[in-house]
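Down below is the structure, laid out as structure tokens.
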Amino acid sequence: MPALTAFSLPSWIESRTRAVDRALDHFLPKKTVKPVTIHKAMRYSLFAGGKRMRPALVLAAAEACGGSTQAAMPLACAVECLHTYSLIHDDLPSMDNDDFRRGRPTSHKVFGEGMAVLAGDALLTQSFEIAAQAMGWPRYSHQDLIFELARAGGSLQLIAGQVADLEGEGHRVSLNQLRYIHERKTSALLCCSVRFGGMSANCSATQLKALTDFGYHVGLAFQVIDDILDVTQSSETLGKTAGKDVASQKATYPSIVGLEQSKRIAAALTAKAYAALKPFRGRAVALEALAKYLLERDR
Ligand code: GRG
């Protein structure tokens with residue numbers, strides 16, 4: 001009888017992260033390609049040591065649906081490029097004005113503000129170029145893939161979250177409004193990531209619905225934890241400026257409901273994410289492990 005091998009998340013993450021890094025390196029213009037400054041700037045932020053959680057979710061969802069890493073990889077790289085663009089722009093002086101991200105000086109600190117804007121723009125465009133290189137599946141066409149990415153990154157989701165965030169500054173923000181921001185700013189792209197994984201495996205409508213539900217809840221939990229870590233961790237651990245939310249009087253879960261209640265809310269959201277995986281009947285091992293890891297993470 002073959003020995004049962006226990007699933008190890010650390011080694012799963014390590015091997016998938018290495019594969020994602022190799023694929024990103026393949027998809028992106030080399031830093032010697034003209035104009036070299038922009039390609040250096042794009043690569044500087046992309047290979048700065050992010051957690052690669054969105055690509056991991058794409059690949060884990062693909063596995064849950066019986067798909068392959070190879071087929072899902074362009075979509076995993078596309079979401080990471082879009083995510084990195086949003087971080088570069090979020091750090092700009094005209095937005096959050098941050099000097100430190102992924103453990104290094106932010107793009108505008110190194111390349112200047114104009115080049116950082118362009119590096120973000122280029123990564124956003126690059127994400128669509130990469131997504132267009134996915135193979136397309138009987139149930140999901142290229143049109144579906146491009147629509148999915150545009151919807152998650154557009155003015156109804158990611159940008160809407162940032163708009164509400166900017167407009168909320170200096171005002172009293174209710175818990176409902178904060179949830180609206182989190183749904184758009186964070187949950188939308190995590191949701192898109194797991195949906196992409198399912199699509200790359202030509203998943204059924206039931207599976208896609210389950211992944212959507214999972215992504216929504218895990219995305220909200222992810223942002224509540226992000227709010228908590230801003231208060232409880234050091235800049236060194238986070239690789240970005242800690243305590244920024246308090247300093248800028250930003251509405252967060254801890255500032256509205258307190259730290260302990262925030263932890264309970266994150267745990268409850270993660271429980272809902274687990275429950276959404278029921279249709280996979282135990283086959284979504286990596287997704288389950290990732291949800292637990294995201295809840296317990298310290299950076
Ligand atoms: C288009 C300017 C502009 C902004 C879009 C999403 C967004 C709005 C800005 C991103 C900034 C931000 C703090 C978003 C919240 C989501 C979040 C917690 C991002 C950090 O994600 P991690 O922790 O980062 O996965 P790494 O560096 O590990 O990839």
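Remember, it's 1-based here, ligands and their atoms both numbered in the order they're listed.
Remark: the backbone N or O of D230 is not paired with any side-chain donor or acceptor of Q233 at under 3.5 angstrom.
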May I have the N/O to N/O pairs between ligand 1 and the protein that fall below 3.5 Å, each with atom names and distance to one decimal?
| from | atom 1 | to | atom 2 | distance (Å) |
| --- | --- | --- | --- | --- |
| ligand 1 | 21 (O) | R54 | NH2 | 3.2 |
| ligand 1 | 23 (O) | K51 | NZ | 2.6 |
| ligand 1 | 25 (O) | R54 | NH1 | 2.8 |
| ligand 1 | 27 (O) | R102 | NE | 2.8 |
| ligand 1 | 28 (O) | K51 | N | 2.9 |
| ligand 1 | 28 (O) | K51 | NZ | 2.9 |
| ligand 1 | 29 (O) | H83 | NE2 | 2.7 |
| ligand 1 | 29 (O) | R102 | NH2 | 2.8 |

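In this structure, R195 fails the cation-pi test against F214, since its NZ or CZ atom is not both closer than 6.0 Å to the six-membered ring centre and inside 45 degrees of the ring normal.
Judged as a side chain to side chain donor-acceptor pair (under 3.5 Å), and not counting sequence neighbours, Q133 has no contacts. By the side chain to side chain donor-acceptor pair (under 3.5 Å) test, T232 is found to be paired with no residue, residues two or more places apart in sequence or in another chain being considered. Under the salt bridge (Lys or Arg N to Asp or Glu O under 4.0 Å) criterion, E296 pairs with K292, not counting sequence neighbours.
With D96 as the partner, the salt bridge (charged side-chain N to carboxylate O under 4.0 Å, His left out) test is satisfied by one option alone out of K244, K185, R101, K250: K250.
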